[in-house]
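Notes to accompany the following structure.
Atoms within each ligand, like the ligands themselves, are counted from 1 in listed order. These numbers were taken from a predicted model, which means no experiment stands behind them.
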Amino acid sequence: MENLPKEIKEIIKDCYPYIKEFNPAQKHVIESGYLETKDNYVIAIPTASGKTVLGVMATLKSILNGGKAVYAAPLISIQNEKVKEFKKFENHGIKVGKHPNSSDLSVMVFESFDALTRFSWDTLRDVDTLIIDEFHMIGEYSRGPTLECAITRAKIINPNLRIVALSATLQNMEEIEGWLDAKIVEHDYRPVPLNKEVLNTEMFNTSNKNEVVVKIVEKAIEDNSQALSFVSTRLFTESLANFVAGKIKRKITSEQKKRFKKVAEAILEVPKKKGSRPTSTCLKLAESAENGAVFHHAGLFNEQKEIIEEEFREGNLLMIAATPSLMYGVNLPSRSVIIRDYTRWTSQGPQAIPVFDYEQMSGRAGRPQYDDVGFSYLIAKSLDEAYDLQERYVYGEVETTNSKLIENKDAIYKQIIAQIASNLSKTPEEIQDFFKMTFYGYQMSNNPSMALFADDSLKFEIESALEFLLKNGIIQATPSGLSATPFGNLIAKSNYSVETAVKLKEYALQVESIDLNQLIYHLASTPDLPLISFKSRKSKEPVREMMAKKGLFAVNIGNPEATTVALIEWIDERNEYEIENAYNVYSASSRRSAYEASLLVKFLKNIFEAIGKYNHSKDLDYISARLYYGVKEDLITLVLGVKRLGRKRARALVDTFGEDLRPYSLKQLQNVEGIGPKLAEKIKIFSETYDI
Ligand SMILES: Nc1ncnc2c1ncn2[C@@H]1O[C@H](COP(=O)(O)OP(=O)(O)OP(=O)(O)O)[C@@H](O)[C@H]1O
């Protein structure tokens, strides 16, 4: 640390007291001089080697010089974790937040940073340093194109912006170096040695992979360590946790049992606080938590996922069975990582995961704060398969990272709209120039066998995209060049996909009067509504019956239909427990899905208005509020008027006193469960102001 500028050293020492000295990979990066120059850098060092703090030091450098920095991360969960980590800098006078308008150091998800490059140019020009975490996501289908186009635009709008990308080592580092005009620093030191092994079920005299997981967890119990298991589906996380919990029951001490019990209780408290009895998923989770094994997937309440991560960190859980969503960025004390499934479900059936994902999952094992060694176990069914997997994954090389921009049609549309709406491109040629500057453009023109086709193929893609955008009334040709229509401007300002916008516009054009149920079904057919999934292949009949009862026609019953009925029930004031019981779905996502649906309805209202239909605005406001609060129509005014009242207490109030609350005293109002003096006062003021 000796060579660091004094102020940076002080902040790091204070905020990361456990960092006594930098490890060889970090030293190598620091010695490369990245803190002394304004050059762009790509820092490519192994998992767990401490990339964050290197990025942080570059931000501190610019902030201490009076500048601003953005730390861009791919997922909201990583964003929240980093904000928490960086908040400590506030003791040193550095404002930390989520937007550069109000902070010196802002942690933004890629999509929000992209929005800065589209509209907030003055703010973007105030940013001196951009750190891109998990930069390797540039090759991912959905987030990659957003990231590469945001970087391209940011460089145009703010040519002085310094970019420091934090990445895993990729196959085609030189390409990235060339595109970003950056220096690459690489090092292969991992502070915690990682042993990678392929086990096979035959070695354990079984044909059941879960038995092998149990053996590893039992070994972990003996070593006083913990394990993280990756499987391919939500259902598998549940069955594995359950299986392991049943087997290790007898191996755990009574003291451990007590701690696990507390975790189980905390898990069950989550639905209760939300006014629902625990769903069967919650009960299942709590039951396996009592024996120290849990599952972690998107069908849980967010608060439950937080409890699991926190308690695991505290050593109060032995094993987490997770879907691959936990493979990026998380820092958990799992000395062992078990990759039980090396395939993933895709629309083409099960596909083997890339070597890159194997590396990221393995990389969760053995993290510096917690362990001095890590083990990654991949489980095969037979000796032959083990041999193959060893060749492919343990000795295999990570794949080349390619731009997905041209494969993702929605991303092309969205980026063209962004260019036109922000007046950066006015002609097809200018759009083409922009795309040539992206990672896609760079890869095409620098690939000897592709370079010949690069221009023609890009021209073709852009022309067909422009045709689509003109046909759908998103852009128009004017004598002064291409411009966005009011509808196009709405798309440009939103983070919604073009497919969603076009589907909603079709709805707005066709509909005479709004049918609430049909509208919800329509929202569930767009890619921007987070869907509520079926829990298993058990009967889908209840969903089919409810659809029919509500006059909705569906050929197949899948997650969009499950979401539709769940949301219809949600705004009829059913809780998660009731929804799960009735329809066999992961109802913990209901609130989030309803919230996103309420935002989509607002977007739809804007679309109606953009096409000159104003007569539905009030209805849409009501529907949006019903989805937001999860209430029937009669409660809307009350939940809107009294902040933090919530639907459960609002219903109890109206059931007890009727709609007119004016005649009742503060004391009487407090007879309703959950209403204290402060809330009663707010209700009183509200009821006297508004006649409800
Ligand atoms: N020199 C150090 N000594 C001890 N701990 C360190 C050191 N540098 C970083 N750490 C800690 O190591 C942990 C891992 O660091 P970080 O999350 O930055 O890893 P990473 O390189 O981003 O890994 P990954 O790509 O796997 O997410 C963090 O808790 C971090 O604070």
* Contact atoms of ligand 1, heavy-atom distance to S49 under 4.0 Å -> 21 (O)

* Asked: Hey, looking at atom 26 (O) of ligand 1, which of R367, K27, H136 has the closest heavy atom?
  -> R367

* Run the numbers for me: atoms of ligand 1, each under 4.0 Å from some heavy atom of T52, listed by number. => 16 (P), 17 (O), 18 (O), 22 (O)

* Identify whether the distance between the nearest side-chain nitrogen and carboxylate oxygen of R259 and E314 falls below 4.0 Å. => no

* To do: Give the contacting part of E21 toward ligand 1: side chain, backbone, both or neither, where contact means a heavy-atom distance below 4.0 Å.
  => backbone

* Structure fact -> Quick note on ligand 1: atoms under 4.0 Å from a heavy atom of Q369 include exactly 28 (C), 29 (O)

* Ring geometry between Y16 and Y18 (parallel below 30°, tilted from 30 to 60°, perpendicular above 60°) -> perpendicular

* Using a 4.0 Å heavy-atom cut-off, say whether D133 meets ligand 1 through its side chain, its backbone, both or neither. => neither

* Asked: Considering only heavy atoms, does K20 approach ligand 1 within less than 4.0 Å through its side chain, its backbone, both, or neither?
  -> neither

* Using heavy atoms and a threshold below 4.0 Å, how should the contact between K51 and ligand 1 be classified: side chain, backbone, both, or neither? -> both

* Sort and list the pairs that fulfil salt bridge (Lys or Arg N to Asp or Glu O under 4.0 Å) and have at least one residue in residues 228-241, not counting sequence neighbours. => E238-K284

* Is R344 salt-bridged to D357, going by a charged N under 4.0 Å from an acidic O? -> yes

* With only distance considered, is K82 within less than 3.5 Å of ligand 1 through an N or O on each side? -> no

* Asked: Does R364, backbone or side chain, put an N or O under 3.5 Å from an N or O of ligand 1?
  -> yes

* To do: For ligand 1, find out whether one of its N or O atoms is nearer than 3.5 Å to an N or O atom of Q26.
  => yes

* Is the charged tip of R335 near the ring of Y370: under 6.0 Å from the six-membered ring centre and within 45° of its axis? -> no

* Sub-3.5 Å N/O-N/O distance, T47 and ligand 1 -> no

* **Aromatic ring proximity H297/Y586, centre distance under 6.0 Å** => yes

* Criterion side-chain hydrogen bond (donor to acceptor under 3.5 Å, both in side chains) against Y71, the qualifying member of D133, T129, T59 -> D133

* Asked: Is the centre of the F86 ring less than 6.0 Å from the centre of the F89 ring?
  -> yes

* Asked: Are side-chain heavy atoms of L75 and V109 found at a separation under 4.5 Å?
  -> no

* Is the closest N or O pair between F22 and ligand 1 shorter than 3.5 Å? -> no

* Run the numbers for me: atoms of ligand 1, each under 4.0 Å from some heavy atom of G50, listed by number. => 9 (C), 15 (O), 16 (P), 18 (O), 19 (O), 20 (P), 21 (O)

* To do: Determine whether any heavy atom of E85 lies closer than 4.0 Å to an atom of ligand 1.
  => no

* To do: Tell me, please, which residues at least two apart from E177 pass side-chain contact (heavy atoms from CB on, under 4.5 Å).
  => E174, I184

* Asked: Should the proximity of A48 to ligand 1, defined as any heavy atom under 4.0 Å, be assigned to the side chain, the backbone, both, or neither?
  -> backbone

